[in-house]
There are 2 protein chains.
Amino acid sequence: MESLETLLSVLRQNHLKITPQRRLILEILVDDASHPTVDQVYQQVITVMPNVSRTTVYNTLHELVALGVLIEVQDMGAGGGRYDTNASQHHHLLCTHCHTLLDIERDFPELELTPVEACGYRIARHQVTFYGVCPCCQQALASQEESI
Amino acid sequence: MESLETLLSVLRQNHLKITPQRRLILEILVDDASHPTVDQVYQQVITVMPNVSRTTVYNTLHELVALGVLIEVQDMGAGGGRYDTNASQHHHLLCTHCHTLLDIERDFPELELTPVEACGYRIARHQVTFYGVCPCCQQALASQEESI
DNA sequence: GTTTATGCAAATCATTTGCATACGT
DNA sequence: ACGTATGCAAATGATTTGCATAAAC
């Protein structure tokens, strides 16, 4: 996880202005490891600065993705993309029912494509997503079946 | 890849009616391994049956996903989900610039989470996505830098 | 002082919903 | 005949865009 100072210095290096809104959004992202959606970030933002617009949240998140310090995570089934400040190589475990997303901090260095498989692509990284049902939803599904 | 007959029999087994629209959508999916978007399927559909509505395409794709014969594929950056008839275990190689998506037919059976890592999740499958830049976009990016 | 960011409102794009009609079984 | 699927139009929801004002450098 990046520190707030690291993120701020990335902004400075790229000649982006450090506004109170951006600083707040960065603080939220650093503190929130739960892969928040744009709206979840926005809701946290307006509890502190009620006048910040969604546009600013979108702008800032897009800039951070372009700078490579934020990663966009896909969550099919739940509307809207999610964001992850953890730019280090890590992987995901997704509950296909409630869409809870856990980080898997282990690396899988053995995952390499052969040159033939890579088809000339210059490969930058890889991401593993495990799909399953979390303990909560296992219970919910079990009791659902009982009631049939 | 499933054959058209296999898909039709899945529909029959689930008491879904075989309408001309559904049959056409299935034919298109079987023939198109390029992970089409909903809209790309729709565009192909209306070249043959111009009156088919987007609603019907959405309905059919959702039903096929529910039946497990279609898989929804993530593609961040390009608007709209994409669909993959190849229900077998396989992985993806995505160009982060043009969003071309290739199938990697190799399996990675060594990818297993320890019980501790799985946190009680009942894991059903895993999916590896390699991110990189395709040969086309490598050229485009290189000539872009020259012109600076 | 210059450049960039913000916030608003309107526009856009993908997807969903409600419902009357048409069709497959 | 029955029940489901279709197609339309309208609703929704997320994201993007244009632009005048405000703020950071």
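Proteins come first, then strands; the chains are lettered A, B, ... in the order of their sequence lines, and each starts at number 1. As the structure is a computational prediction, the values presented were derived from the model and not from experiment.
A distance-only check finds a donor-acceptor pair linking the side chain of B:R82 to the backbone of B:H35 [under 3.5 Å].
Going from atom CE of B:M49 over to atom P of D:dA5 covers 16 Å, rounded to whole Å. Rounding to whole angstrom units, CZ of residue B:R54 and C1' of C:dG18 are separated by 19 Å. As a whole-Å value, the separation of B:Y83 OH from C:dA14 C1' is 11 Å. The distance between atom CD1 of A:I46 and atom P of C:dG7, rounded to the nearest whole Å, is 12 Å. Between the CG atom of B:N51 and the C1' atom of C:dA22 there is a distance of 13 Å, given to the nearest Å. Regarding B:Q21, its CD atom lies at a distance of 4 Å from the P atom of D:dG7, rounded to whole Å. Across the protein-nucleic acid pair, A:Y58 atom OH and C:dT12 atom C1' stand 13 Å apart, rounded to whole Å. For B:L64 and D:dA5, the CG to C1' distance is 14 Å, given to the nearest whole Å.
Distance from the side chain of A:T55 is smallest for C:dC8 among the nucleotides D:dC8, D:dA5, C:dC8. Looking at the side chain of B:H62, the nearest of the listed nucleotides D:dG7, D:dG18, C:dT16 is C:dT16.
Residue contacts for B:D39: at a heavy-atom cut-off of 4.0 Å it reaches no nucleic acid atom on any strand shown.
For the helix from C:dG1-D:dC25 to C:dT25-D:dA1, the rotation axes defined at the first and last 5 base pairs enclose an angle of 40°, given to the nearest 10°.
For B:R106 and A:E117, the salt-bridge test passes: some basic side-chain N is under 4.0 Å from an acidic carboxylate O.
Evaluation of the side chain to side chain contact (heavy atoms under 4.5 Å, CB included) rule for A:R23 yields A:L8, A:I18, A:E27 as partners, not counting sequence neighbours.
Taking 4.5 Å as the limit, some side-chain heavy atom of A:L16 sits within range of a side-chain heavy atom of A:L67. The shortest distance between side-chain heavy atoms of B:T56 and B:V45 does not fall below 4.5 Å.
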Practice task
Test B:V41 against B:L29 for side chain to side chain contact (heavy atoms under 4.5 Å, CB included), laying out the working first.
Solution key: CA-CA 8 Å; B:V41 174; B:L29 289 172; 4.1 Å; yes

Problem - A:T37 vs A:D39, side-chain hydrogen bond (donor to acceptor under 3.5 Å, both in side chains): CA-CA, chis, key distance, verdict - result: CA-CA 5 Å; A:T37 63; A:D39 192 65; 5.4 Å; no

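The one candidate from B:L61, B:T60, B:T55 that meets the side chain to side chain contact (heavy atoms under 4.5 Å, CB included) condition with B:V57 is B:L61. The only member of A:V10, A:L11, A:N59 that meets side chain to side chain contact (heavy atoms under 4.5 Å, CB included) when paired with A:L64 is A:L11.
Taken residue by residue, residues 8-20 of chain B places heavy atoms nearer than 4.0 Å to DNA chain D at B:L16, B:K17, B:T19.
With DNA chain C read from its 5' end, the first of the two nearest nucleotides for A:T56 and B:V38 is the one closest to A:T56.
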